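One structure is given below, encoded as structure tokens.
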There are 2 protein chains.
Amino acid sequence: MLRNDITVAIRNAVMSELAEVGYGRLSIEAVARRAGVGKTAIYRRWSNKLEMVLEIITEVAGRKVPLPDTGSFAGDLDLLMMIVSKALQHRVASQIIPDLMAEAARNPQIAETLQKVLRTHQQAVGEKLVGQAIARGELPENTDPDVAVDLILGPLYWRLAVARQPIGDDYLEKLSAAVLGSLRGDAKK
Amino acid sequence: MLRNDITVAIRNAVMSELAEVGYGRLSIEAVARRAGVGKTAIYRRWSNKLEMVLEIITEVAGRKVPLPDTGSFAGDLDLLMMIVSKALQHRVASQIIPDLMAEAARNPQIAETLQKVLRTHQQAVGEKLVGQAIARGELPENTDPDVAVDLILGPLYWRLAVARQPIGDDYLEKLSAAVLGSLRGDAKK
DNA sequence: AAACGGCGGAACGCAACCGTTACGTCGTAG
DNA sequence: CTACGACGTAACGGTTGCGTTCCGCCGTTT
């Protein structure tokens, strides 16, 4: 029986290595070194780097974020933005996610995995949020959930994970107000 | 005197290699192979992989995009979005940019260079656009150019370079309408 | 008490790449 | 016609990582 403490140590080491050197430079030997285990312990669990990383990020990202439902679209939006911005401000996450996203452009398996654990979930959140808002009459019926998701997540991702600019206290408020305005009035087909 | 055709061949090879394997895995030997030159020709020009890449991306990105000025904010916005979306749909650009962005998180020199060639320019564009629009009375005076830039570039970058979803004919129109609405009415402090 | 199995460590042969050097070729400037 | 200098090729010793194998240790199971 594989020892669980060893598995956990490896998992943590992989996340740290991913953050530090990225997928491209990640090496099994470095993971073993950092985890304080032998290479054999790793090869006993996975047969290569890709399989190992895919399994681990699936496991980590699998912890679903609860869908917000505060009763109003504005409330949902604020909450969602708070959750996302918190997540993207975690040091490890903000290093690993853009790195894997870039890697996904060349590796179909990584792309598929990320799509599964991130994009699908986002889409669900977006559709639910927009659907509820339309049902309540807070948004026009022809609001495009696709555009809405891009409008909500794009600026945050851009700011936090790409430009890496700090956000002030009022930034989230301004942003959510802007998004709200854009969807409410003018995202017509 | 260093031969210019060789320099150009190397430059192209670096860009292709960056797109294909990313900065992390880029090797001098692979660049030389692809360019059909000897390693010596490369080391005669630069002393490092980092130095080489920095010089080349600076050169490439240095070709400035002209600031749009169509006479109306809506027109400027449409034009800017068209330019950016075109750029982000180029295969090589959409591979290299996210990769270098991710790498920038670990390498201060890359971060600085990208900041110089991308962020600074964006900021200038954003400030000019918003400034003009305010002067014309098309946007409220307290519009935050920072938020505006994020709102304009974020969704496009997210969609094209991160999620890598194709955009339909009407997507840009919808998006620009949404951004316009958000800035015009509700990005108040 | 004995057998089993996961463990770390060490070493294996192999491949890629580093940055440097020596050499011979070839085009061009003088 | 000569000298120079950039070029490609090849080889250098050294490092890193691959994936595999063998070993001895040690806790658990039986």
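Only this structure's heavy atoms are used, side chains among them; waters, hydrogens and symmetry mates stay out. Please read all numbers here as calculations on a predicted model, not as lab measurements. Sequence lines set the chain letters: A, B, ... in the order given, protein chains first and strands last, and positions in each chain run from 1.
Protein atom CZ of A:R44 is 12 Å distant from nucleotide atom C1' of C:dG9, rounded to whole Å. As rounded to whole Å, 14 Å separates atom C1' of D:dC4 from atom CG of B:L2. In this entry the distance linking CH2 of A:W46 with P of D:dG19 reads 14 Å, nearest Å. Remark: C1' of D:dT20 and CG of A:N48 are 14 Å apart, rounded to the nearest angstrom. Atom pair A:N4:CG and C:dG6:C1' shows a separation of 13 Å (rounding to whole Å applied). A straight line from CD1 of A:I6 to P of D:dC26 spans 15 Å, rounded to a whole angstrom. Atom-to-atom, CG of A:D5 to P of D:dT28 comes out at 11 Å; the value is rounded to the nearest Å. Taking atom CD1 on A:I10 and atom P on C:dG6, their separation rounds to 13 Å, with Å as the unit.
If you check distances only, the side chain of B:K39 never reaches the base of D:dG8 with a donor-acceptor pair under 3.5 Å.
Heavy-atom minimum distance, B:P68 versus B:L80: CG-CB, 4.3 Å.
The residue A:T40 sits close to a base: some heavy atom pair falls under 4.0 Å.
Contact check for B:I97 versus B:Y157: side-chain heavy atoms found under the 4.5 Å cut-off.
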Distances for protein N/O vs nucleotides 15-17 of chain D N/O pairs under 3.5 angstrom?
unit_1: D:dG17; atom_1: OP2; unit_2: A:R33; atom_2: NH2; d: 3.0

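Rounded to the nearest 0.5 angstrom, B:S27 OG and B:R34 CZ are separated by 10.5 Å.
OP1 and OP2 of C:dG8 both lie 4.0 Å or more from every side-chain N or O belonging to A:R3.
Seen from the ring of B:Y171, B:R159 counts as a face-on cation partner, given the 6.0 Å and 45° thresholds.
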Test side chain to side chain contact (heavy atoms under 4.5 Å, CB included) on B:E20 and B:S16; report intermediate values, then the result. CA-CA 6 Å; B:E20 217 163 271; B:S16 305; 5.5 Å; no
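For B:Y43, taking side-chain heavy atoms from C-beta onward, the closest of the listed nucleotides C:dG19, C:dG8, D:dC7 is C:dG19.
B:R136 and B:S72 form no side-chain donor-acceptor contact under 3.5 Å, judged by distance and modelled atom types alone.
For the pair A:K49 (side chain) and A:L26 (backbone), a donor-acceptor distance under 3.5 Å is present.
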